[in-house]
Protein chains: 2
Amino acid sequence: MTSDFQELLRGAALRVTRPRVAVLGAVYANPHADTDLIIRAVREGLPKVSHQAVYDSLHTLTDAGLLRRIQPSGSVARYESRVGDNHHHVVCRSCGVVADVDCAVGEAPCLTASDDQSFSIDEAEVTYWGLCPDCSSTRSS
Amino acid sequence: MTSDFQELLRGAALRVTRPRVAVLGAVYANPHADTDLIIRAVREGLPKVSHQAVYDSLHTLTDAGLLRRIQPSGSVARYESRVGDNHHHVVCRSCGVVADVDCAVGEAPCLTASDDQSFSIDEAEVTYWGLCPDCSSTRSS
DNA sequence: CCCATTTTCTTGAATGAGTCAAGACAAGGG
DNA sequence: CCCTTGTCTTGACTCATTCAAGAAAATGGG
């Protein structure tokens, strides 16, 4: 598993460092985790890692396409390891939990704008808003 | 026009205060403006308004459905006066400018998730990402 | 029209995610 | 094994937004 992450890094022409491997591991193990949770997860294996190293790693890995950053309104940045399949997200308005929703089309942009305003569009990001099963049942009961 | 805003406020059972009227005016005049721009616009007419009053007004007006808040990843909160038509947005990856895109369906949720994960979904928010005409021509030239 | 009640606004401090910067350190090529 | 370059540590800092307490203003009843 750790060696898989090392391969991922090498494949992206990135240096293999312990913080980066640990960050990859933390995001793979905690989909949609925010930076704070990732920092805590990384420190379970590497107690001395600075928060800055985690921020740097997340940026580098996101720029390299190994991770994807999502940031629903009202939420801090979250990261996930599913990249390249242009899937979408459902966000609970009550507790903020995020779940994946497959994109029927698969490749970006999965939608074309009715009037693109002369923008050159490369991605259509879809965020579904609603209530998760837990919050939904809590409210109605 | 000011009286129109007063009617809007009364229609929403909100007290009519000068900051609120000014905030409504500023958002109607500056679609997709961020809070800082709204504060500056409001202070052209009411120089002494505190930033807190603007924040409070924006929250109240958004909660009442008179304004809509949008917050693309990497951007601060922005506000617009087009509400109720469930339109979407194109965001420029380079300069961050936001433009409206009509929704073909019109009413929320305009899309249904392929697998809703047992969430009860009430809105599908679509954000198109790309380059605006200006940034597009700057890069290619 | 004025008062009382309730909401809103002012003032000023605080929060917290994220960034900046300088020097110490480690990864990988030669 | 050493050098170069890129990464990490440390610690300060930014800035949008929120919190809190008291002053001021908006609606409804008299």
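Note that the structure is a prediction, hence the values are computed from the model and not measured. A note on names: the letters A, B, ... follow the listed sequences, proteins ahead of strands, and every chain is numbered from 1.
Between the CZ atom of B:Arg43 and the P atom of C:dC9 there is a distance of 13 Å, rounded to whole Å. Here the P atom of nucleotide C:dA17 and the CG atom of A:Asp36 are 6 Å apart, to the nearest Å. In this structure, A:Gln6 places its CD atom 11 Å from P of C:dA27, rounding to the nearest Å. One atom, CG of B:Asp63, and another, P of C:dT8, lie 11 Å apart when rounded to the nearest Å. Atom C1' of nucleotide D:dT7 and atom NZ of A:Lys48 are separated by 15 Å, given to the nearest angstrom. Whole-Å rounding puts the A:Arg18 CZ to D:dT9 C1' distance at 14 Å. Going from atom CG of B:Leu58 over to atom C1' of C:dT8 covers 14 Å, rounded to whole Å. A straight line from CG of B:Leu46 to C1' of D:dA24 spans 15 Å, rounded to a whole angstrom.
Mapping B:Leu14 and B:Gln71 onto DNA chain D by nearest heavy atom places B:Gln71 closer to the 5' end of the strand. Along DNA chain D, the nucleotide nearest A:Asp56 and the nucleotide nearest B:Ala77 are compared for position; the residue whose nucleotide lies closer to the 5' end is A:Asp56.
When only modelled atom types and interatomic distance are considered, B:His51 and B:Asp36 share no side-chain donor-acceptor pair under 3.5 Å.
The side chain of A:Ser50 has D:dT10 as its nearest neighbour among D:dT10, D:dT17, C:dG28. In the set C:dG12, C:dG28, D:dC8, D:dC8 carries the atom at the smallest distance from any side-chain atom of A:Ser57. With distances taken from any side-chain atom of B:Tyr55 to the nucleotides D:dT17, C:dC9, D:dT9, the minimum falls on D:dT17. In the set C:dG18, C:dC9, D:dA20, the nucleotide with an atom closest to the side chain of B:Gln52 is D:dA20.
Contacts of A:Arg20 with the nucleic acid, taken as non-hydrogen atoms under 4.0 Å apart, involve only primed sugar atoms and P, OP1 or OP2. Residue-level contact check: A:Thr17 touches the backbone only, with heavy atoms under 4.0 Å from sugar-phosphate atoms and none from bases.
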Go through the steps for A:Glu80 and A:Ile70 under the test side chain to side chain contact (heavy atoms under 4.5 Å, CB included), then give the verdict. CA-CA 8 Å; A:Glu80 65 183 358; A:Ile70 62 173; 4.1 Å; yes
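A donor-acceptor contact under 3.5 Å links the side chain of A:Arg15 to the base of D:dT5.
Within the 4.5 Å cutoff, side-chain heavy atoms of A:Ile121 are placed close to those of B:Val90. Side chains of B:Thr62 and B:Tyr79 form a contact here, defined as non-hydrogen atoms less than 4.5 Å apart.
Cluster annotation: A:Leu8 is connected to A:Leu61 through the hydrophobic network of ILVMFWY side chains, with a link wherever side-chain heavy atoms come within less than 4.5 Å.
Listed pair B:Thr60 / C:dT8 fails the phosphate criterion, with no side-chain N or O lying under 4.0 Å from OP1 or OP2. Dashed line: the shortest gap from a side-chain N or O of A:His51 to OP1 or OP2 of C:dA17 is not under 4.0 Å.
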